[in-house]
Amino acid sequence: MPARFPLALLPTPLVEAPRLSQALGGPRLLIKRDDLTGFALGGNKVRGLEYYLAEALAQGADVLVTGAGPQSNHVRVTVAAARVAGLEAVAVIHGERPPVALGNLLLDELLGAELRFTGSPDRAQVDVEIERVGAELAAAGRRPYLIPRGGASALGALGYLAAVSELGAQLAELGARPAWLVLATGSCGTQAGLLAGIKLFGAPYRLLGITVSRPVAECCERITRLAIAAAALAESPITVLSEDVVVRDGYIGAGYGIPSPEAAAAIRLAARTEGLFLDPTYTGKGLAGLIGEIKSGRLSPDDTVIYLHTGGEPGLLAHPEVAGLEALA
Ligand SMILES: *Cc1c(COP(=O)(O)O)cnc(C)c1O
């Protein structure tokens with residue numbers, strides 16, 4: 001395995017959610033609290049970042065360059081990680097600089113990140129701009145280390161490959177044998193790493209991704225490619241079958257990062273049953289998807305289901321409109 005720079009406080013808790021489970025009419029729900037990865041307000045991006053940071057330091061980098069949207073959890077933890085390692089950080093953000101920095105953007109400002117707004121809503125433009133900023137810094141004599149938008153690459157996926165073994169030990173202790181692990185899928189690195197780990201460690205459950213951003217076909221292609229590449233980096237080749245990659249759509253709503261009434265209802269339900277906060281971009285839509293799967297009967301009340309809480313709570317605080325949306329669900 002490639003080297004890690006430790007950032008996360010592991011293992012993250014695996015907890016029962018009996019009141020949420022009851023409100024949904026079963027299944028038994030276990031929540032893997034990766035919102036509590038313990039670094040810079042946590043979330044799923046911390047696990048992969050450990051590999052990026054180790055590689056950046058090994059290459060003698062002096063500045064991390066990455067990018068995403070204005071409420072990016074990935075950007076927040078990347079900038080914080082740069083600070084811990086004594087590096088500078090530049091983040092490319094799509095769109096215009098908002099008049100007030102809320103949520104993740106507020107934290108980026110506090111961390112002293114250099115934020116470069118593209119001025120365009122086109123998310124793919126961020127990828128081009130990350131490369132351009134990297135070239136600009138290199139030409140100025142700096143040593144940039146580039147991390148792709150959202151942190152999704154084979155190297156970043158290793159964080160969730162390893163998490164499967166962490167989760168396996170917790171399930172053994174509980175004596176639980178889940179049928180499914182459900183998560184919100186964005187740039188697909190998390191689902192890819194989990195899939196590689198499930199194959200390598202022979203985990204008994206299947207993965208169900210709820211896409212919050214990309215079309216299903218694009219997710220499946222990315223997950224397959226990244227899972228194979230992550231396993232290769234771990235020097236354990238795997239093959240991926242099409243039935244290994246399950247991604248459900250129907251929960252994106254008006255678009256990526258735009259809160260939906262269903263997500264708002266799911267956020268409120270999690271808060272009122274378990275005192276648990278979800279976010280409108282990822283984990284709220286993911287839980288809305290899990291609820292949809294229960295309603296459609298694809299998840300049965302007799303199943304045990306793990307929901308991966310991938311974090312993102314700072315983003316909730318940038319979306320006060322969520323409080324009024326639930327009534328529309
Ligand atoms: C990035 C993110 C996801 C999605 O993870 P990917 O690896 O991009 O698919 C889910 N939840 C939260 C809170 C995130 O920040």
Side-chain angles (χ1 to χ4, degrees), residues 12 31-37 39-49 51-52 66-80 103-105 107-108 123 126-127 147-161 163 181-197 207-216 218-227 230 245-249 251-252 256-257 259 263 266-267 270 276-290 307-319:
T12 58
I31 303 194
K32 177 65 170 163
R33 295 289 307 272
D34 267 16
D35 56 320
L36 302 178
T37 48
F39 177 74
L41 298 185
N44 64 337
K45 301 307 185 302
V46 177
R47 290 185 189 263
L49 198 50
Y51 295 91
Y52 287 121
T66 194
Q71 283 305 325
S72 170
N73 302 300
H74 161 69
V75 166
R76 180 228 324 146
V77 293
T78 300
V79 177
N104 280 301
L105 210 47
L107 303 175
D108 296 340
R123 285 187 281 148
V126 170
D127 305 339
I147 302 178
R149 177 160 57 104
S153 77
L155 186 65
L158 290 178
Y160 275 92
L161 186 157
L181 187 159
V182 180
L183 75 158
T185 278
S187 54
C188 302
T190 303
Q191 191 167 347
L194 288 168
L195 178 57
L207 267 183
L208 171 60
I210 308 294
T211 180
V212 301
S213 163
R214 298 165 196 266
V216 169
E218 185 183 341
C219 290
C220 292
E221 183 276 318
R222 288 174 65 88
I223 291 163
T224 304
R225 179 165 48 80
L226 289 172
V245 188
V246 185
V247 177
R248 209 72 83 201
D249 61 8
Y251 300 94
I252 299 176
Y256 170 76
I267 289 170
L276 190 70
F277 294 114
L278 304 176
D279 79 294
T281 301
Y282 295 101
T283 53
K285 288 181 179 175
L287 182 62
L290 193 160
Y307 186 58
L308 179 64
H309 190 333
T310 42
E313 292 96 325
L316 172 61
L317 305 182
H319 284 285

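Counting convention: from 1, in listed order, for ligands and their atoms alike.
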Would you say the side-chain atoms of Q191 pair up with the backbone N or O of A227, donor to acceptor, closer than 3.5 Å?
no
Below 4.0 Å from any atom of ligand 1, which residues have a heavy atom? Give them in chain and number order, please.
N44, K45, N73, A184, T185, G186, S187, C188, G189, T190, Y282, T310, G311, G312
Cut-off 3.5 Å, side chains only: do S153 and Y52 have a donor facing an acceptor?
yes
Between V212 and Y282, which heavy-atom pair has the shortest distance, and what is it?
CG2-CD2, 3.6 Å
Between the main-chain N or O of A184 and the side-chain N or O of Y251, is there a donor-acceptor pair closer than 3.5 Å?
no
Indicate yes or no for a side-chain donor-acceptor contact from R76 to the backbone of A40 under 3.5 Å, with no hydrogens or angles considered.
yes
Check whether S72 reaches the backbone of H74 with its side chain - one donor and one acceptor, N or O, closer than 3.5 Å.
yes
